Trainee: 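One structure, as structure tokens, below. Some questions next.
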Amino acid sequence: MGRIRFDGNEDRLSDLPECIILHILSFLTIQHAVQTCVLSTRWKHLWKRMPTLNLNSHEFMTLKIFSVFVSKILSLRDTSTALHAVNLIRGRTIEPRLLKRFLNYVISHNTHLQRLGISVCGDIGLVFNCVSSCRALTSLTLSVRPKWSDSTATLFPKSLNLPLLTSLDLTNFAFCGDENGCAEPFLAFTKLNSLVIFDCKVRDAQILSISNNTLVNLAMHYNSSLHAKIKLNAPSLCTFNYTGSYHIHEICGSGLSSVKKLNIKSAHFSASKYALVLFSWLINFANIESLTVTSTVLQILSLVPDVLKVKLRCFHNLKSLKVELIQIRAGSLLLLIQEAMIEKAAAKSPKEVVKLRKAFETSFEPPAIPDGIVDFLRQNSPSAEVNISTEDPCSFNLKQIEESIKGVNINNYRSRFSMRSSARLPRLSVRSSSSVAPGLAAKSASAAEPASDAAPASAAEPAKSASAAEPASGAAPASAAEPASDAAYASAAEPATAASPNLHICLGEKAIDCVTFCDPRMMINDRIKMRRRRSTNKDNDDKSWNKDEEEKHQ
């Protein structure tokens with residue numbers, strides 16, 4: 001069998017049953033799976049019997065190489081092996097002959113095919129003929145564009161009937177409306193459990209209707225604003241993820257009270273009318289337990305007149321509120337926020353208006369989270385946890401955020417890894433004290449916030465150093481050195497004070513898993529310095545050797 005041995009032990013992977021090995025290989029792309037044929041004689045032909053085909057053109061230098069590779073895979077694969085999952089990713093135009101051959105191969109092996117994913121620019125008719133023939137499909141992912149076109153939306157067929165389909169993911173499709181001005185493209189999928197709609201639009205209609213009794217998870221991202229309203233009739237819906245760009249759709253329908261997890265993300269809004277639309281969302285999704293929004297969503301919500309005086313009749317079950325901080329770009333949203341701040345200042349005194357206008361002229365930015373808006377959302381659930389995260393911590397003043405969230409203390413957590421001054425700060429996340437190990441003792445010192453006109457301190461001494469989690473608005477990021485001892489390393493994620501029941505700031509989980517964090521540029525500089533030192537040492541050795549030789553001759 002030619003099994004590989006390490007330290008006298010047999011290769012356990014080769015001892016596994018073939019069905020388990022094939023299952024492991026199914027998580028690889030076909031290119032990587034083929035490379036396993038060099039491991040041993042047993043592995044030489046295993047890839048030919050894989051029940052999955054994952055073909056991705058991004059792993060190939062040219063389209064020609066990809067086309068040749070796909071042709072050989074289809075020719076050499078064991079045709080007696082049932083095909084359970086197929087995924088073809090070719091973002092640009094694909095050769096018509098290759099696409100036709102691939103689709104014909106799928107059609108000839110569609111008896112047991114359960115998962116199908118196609119992302120190509122090519123003949124739409126051929127693709128839908130292939131999809132329609134796969135009656136056993138339970139999961140379908142489609143992103144199909146007409147040949148030589150990157151912007152034209154593909155018309156989604158009303159006749160598509162897949163009775164076993166439970167998961168549907170569509171990108172760049174258009175849904176046609178009926179004589180009532182309503183588009184209902186998903187009525188035929190009676191077992192649908194998960195639906196994702198990305199960059200889609202509605203034609204000849206103003207309402208996109210999603211009616212399904214079994215739908216549990218719904219995601220809508222960056223869809224067209226041509227249709228004004230979304231009508232949801234999904235009594236089993238539990239999770240709703242919505243991402244907009246410059247607009248937000250009106251929403252209505254029955255069964256919205258069943259939603260427990262609501263995510264609303266948007267970078268910018270282009271009109272003040274969306275403030276009332278957004279407020280209506282909060283009223284409709286009254287029984288949610290988890291709410292995730294961007295800071296811009298809170299900004300636009302604060303534009304509702306006297307919103308903080310409104311007594312909400314919803315959010316009695318709210319347990320978690322998550323906010324992702326996004327920097328406001330110069331545009332209509334920033335102007336709307338400035339106008340709202342000036343109106344509030346005018347109610348106080350004319351001096352406040354003059355002072356505020358001067359501040360705007362000096363690039364003054366409004367607070368990332370408007371004052372009182374978090375407490376407004378938690379008025380019926382004051383014990384709800386608040387989690388704040390950002391991918392750009394240097395752009396925000398965390399002290400200002402603390403002041404905007406009344407009655408909540410913010411604890412700083414120190415980085416567990418070393419960081420150079422030029423390295424970008426890792427992702428910040430704010431999470432509840434329940435996520436911190438209870439056995440950690442609060443001995444790690446942490447400064448509340450470095451001064452705005454001073455550079456942050458270096459964390460060379462774990463017992464005295466300032467935390468790098470909260471930099472000043474105008475200062476360079478702090479450099480956190482590696483803890484000097486195991487005890488210091490163990491307490492790197494420890495709060496300095498008593499844990500707040502609601503809100504904490506710490507470093508993101510992805511960053512905490514790292515032991516070191518280095519800027520690639522610094523790594524290159526270190527490598528250059530090392531080469532120079534080696535060269536210098538070699539020159540010194542050569543000089544010393546020559547001197548010794550001269551002494552010997554003398």
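For the numbers below, each heavy atom of this structure counts, side chains included, while hydrogens, waters and symmetry mates do not. Just so we're clear, the structure is a prediction, and the values are computed from it rather than from any experiment.
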Trainee: Nearest 0.5 Å please: distance from the OG atom of Ser119 over to the CG atom of Leu142.
Mentor: 9.5 Å
Trainee: Working note: Cys252 + Asn284, criterion side chain to side chain contact (heavy atoms under 4.5 Å, CB included); need CA distance, chi angles, decisive distance, verdict.
Mentor: CA-CA 8 Å; Cys252 63; Asn284 288 323; 5.7 Å; no
Trainee: If we only count heavy atoms from C-beta on, is the Pro185 to Leu208 side-chain gap below 4.5 Å?
Mentor: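 Yes; the side chains approach each other to less than 4.5 Å.
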Trainee: Can you name the closest pair of heavy atoms from Cys134 and Leu113 and give their distance?
Mentor: SG-CD2, 3.8 Å
Trainee: Between CZ of Arg90 and CZ of Phe102, what distance do you get to the nearest 0.5 Å?
Mentor: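 So the gap between those two atoms works out to 14.0 Å.
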Trainee: For Phe285 and Leu291, run side chain to side chain contact (heavy atoms under 4.5 Å, CB included): C-alpha distance rounded to whole Å, both residues' side-chain angles, the deciding distance at 0.1 Å, then the answer.
Mentor: CA-CA 10 Å; Phe285 294 98; Leu291 175 62; over 6 Å; no
Trainee: Of the non-hydrogen atoms in Leu103 and Val127, which two are nearest, and what is the gap between them?
Mentor: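 Taking every non-hydrogen atom into account, CD1-N, 3.8 Å.
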Trainee: What's the spacing between Ile207 CD1 and Glu184 CD if we round to 0.5 Å?
Mentor: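 These two atoms lie 9.5 Å from each other.
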Trainee: Can a donor-acceptor pair be found, under 3.5 Å and without considering hydrogens, that links the side chain of Arg77 to the backbone of Met50?
Mentor: yes
Trainee: Run the side chain to side chain contact (heavy atoms under 4.5 Å, CB included) test on Thr190 and Thr214 for me, step by step, so that the C-alpha distance in whole Å, both residues' side-chain angles and the decisive distance to 0.1 Å come before the verdict.
Mentor: CA-CA 7 Å; Thr190 57; Thr214 60; over 6 Å; no
Trainee: Side-chain contact test, heavy atoms from C-beta onward, threshold under 4.5 Å: evaluate it for Ile73 versus Val34 and give yes or no.
Mentor: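 Yes. Closest side-chain heavy atoms under 4.5 Å.
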Trainee: Would you indicate whether the side-chain heavy atoms of Tyr105 and Val86 approach each other to under 4.5 Å?
Mentor: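 Counting from C-beta outward, Val86 and Tyr105 never come under 4.5 Å.
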Trainee: Output, in order, the C-alpha distance, side-chain angles, deciding distance and verdict of side chain to side chain contact (heavy atoms under 4.5 Å, CB included) for Leu25 and Trp43.
Mentor: CA-CA 11 Å; Leu25 291 179; Trp43 290 72; 4.1 Å; yes
Trainee: Got a second to check how far Asn87's CG is from Thr141's OG1, nearest 0.5 Å?
Mentor: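 So the CG of Asn87 and the OG1 of Thr141 are separated by 7.0 Å.
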Trainee: Working to the nearest 0.5 Å, report the span between CD1 of Ile94 and CD1 of Ile89.
Mentor: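 Ile94 CD1 to Ile89 CD1: 11.5 Å, rounded to 0.5 Å.
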Trainee: Please give me the minimum heavy-atom distance between Leu16 and Ile21, naming the atom from each residue.
Mentor: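 Shortest heavy-atom separation between Leu16 and Ile21 comes out as O-CD1, 3.7 Å.
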Trainee: Can you establish whether the number of heavy atoms outside Lys229 located under 6.0 Å from its atom NZ is more than 12?
Mentor: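 Check fails, neighbour count at 12 or below.
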Trainee: Does a side-chain heavy-atom distance below 4.5 Å link Leu98 with Ser71?
Mentor: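 Side chain of Leu98 against side chain of Ser71, heavy atoms only: contact under 4.5 Å found.
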Trainee: Is any side-chain heavy atom of Leu232 less than 4.5 Å from a side-chain heavy atom of Leu237?
Mentor: yes
Trainee: Okay, side chain of Arg135, backbone of Asn161: is any donor-acceptor separation there less than 3.5 Å?
Mentor: yes
Trainee: Parallel, tilted or perpendicular, judged at 30° and 60°: which one describes the rings of His249 and Tyr242?
Mentor: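 Perpendicular.
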Trainee: Between the side chain of Asn56 and the main-chain N/O of Thr29, is any donor-acceptor distance below 3.5 Å?
Mentor: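 No: the side chain of Asn56 does not pair with the backbone of Thr29.
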Trainee: Report yes or no: do Arg101 and Ser75 form a side-chain donor-acceptor pair below 3.5 Å?
Mentor: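 On atom types as modelled, these side chains qualify, holding a pair under 3.5 Å.
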Trainee: Output yes when a side-chain donor or acceptor of Ser381 lies under 3.5 Å from a complementary backbone atom of Phe315, and no otherwise.
Mentor: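 Side chain of Ser381 to backbone of Phe315, a donor-acceptor pair under 3.5 Å: yes, one is there.
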Trainee: Any idea which heavy atoms bring Gln31 and Phe69 closest together, and the distance?
Mentor: CA-CZ, 3.6 Å
Trainee: What's the shortest heavy-atom distance between Thr154 and Arg145, and which atoms?
Mentor: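 Between these two residues, the closest heavy atoms are OG1-CA, 3.8 Å.
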Trainee: Side-chain contact test, heavy atoms from C-beta onward, threshold under 4.5 Å: evaluate it for Asp123 versus Pro96 and give yes or no.
Mentor: no
Trainee: Can you tell me if NE2 on His32 sees more than 12 non-hydrogen neighbours from other groups inside 6.0 Å?
Mentor: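 Yes, the 6.0 Å shell around NE2 holds more than 12 heavy atoms from other groups.
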Trainee: Would one find more than 12 heavy atoms of other residues, nucleotides or ligands at under 6.0 Å from atom NZ of Lys191?
Mentor: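 12 or below, so no.
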Trainee: What heavy-atom pair brings Leu318 and Ala384 nearest, and what distance separates the two atoms?
Mentor: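 Scanning both residues completely, I find the closest heavy atoms to be O-CB, 3.5 Å.
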Trainee: Mark yes when over 12 heavy atoms from residues, nucleotides or ligands other than Asp178 sit less than 6.0 Å from its CG; otherwise mark no.
Mentor: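 More than 12 heavy atoms, drawn from other residues, nucleotides or ligands, come within 6.0 Å of this atom.
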Trainee: Under 3.5 Å, is there a donor-acceptor pair between the side chain of Asn212 and the main chain of Ala234?
Mentor: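 No: the side chain of Asn212 does not pair with the backbone of Ala234.
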Trainee: Is a side-chain N or O of Thr292 found less than 3.5 angstrom from the main chain of Lys322, in a donor-acceptor match?
Mentor: no
Trainee: Working to the nearest 0.5 Å, report the span between CG of Leu140 and CG of Leu164.
Mentor: 13.0 Å
Trainee: Within the side chain of Asn54, is there an N or O that forms a donor-acceptor pair under 3.5 Å with the backbone of Phe27?
Mentor: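 Side chain of Asn54 to backbone of Phe27: no pair is present.
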Trainee: Under 3.5 Å, is there a donor-acceptor pair between the side chain of Asn110 and the main chain of Val106?
Mentor: no
Trainee: Go through the steps for Ser254 and Asn233 under the test side-chain hydrogen bond (donor to acceptor under 3.5 Å, both in side chains), then give the verdict.
Mentor: CA-CA 5 Å; Ser254 59; Asn233 292 313; 3.0 Å; yes
Trainee: How are the rings of Phe186 and Phe156 set to each other: parallel, tilted or perpendicular (split at 30° and 60°)?
Mentor: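 Geometry flag for Phe156 against Phe186: tilted rings.
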Trainee: Just wondering, do Leu63 and Ser57 contact through their side chains at under 4.5 Å, heavy atoms?
Mentor: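 No. Closest side-chain heavy atoms not under 4.5 Å.
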Trainee: A side-chain contact here means heavy atoms from C-beta on lying under 4.5 Å apart; do Asn217 and Asn193 qualify?
Mentor: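 In contact.
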Trainee: Could you tell me whether the side chain of Asn223 and the main chain of Asp199 form a donor-acceptor pair under 3.5 Å?
Mentor: yes
Trainee: Can you tell which of Asn263, Leu262, Ile264 makes a side chain to side chain contact (heavy atoms under 4.5 Å, CB included) with Phe240?
Mentor: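 Result: among Asn263, Leu262, Ile264, Leu262 is the only option passing the side chain to side chain contact (heavy atoms under 4.5 Å, CB included) with Phe240.
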Trainee: Ignoring hydrogens and angles, tell me if any N or O in the side chain of Ser236 forms a donor-acceptor pair with the backbone of Val216 under 3.5 Å.
Mentor: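 Looks like no, no N/O pair under 3.5 Å.
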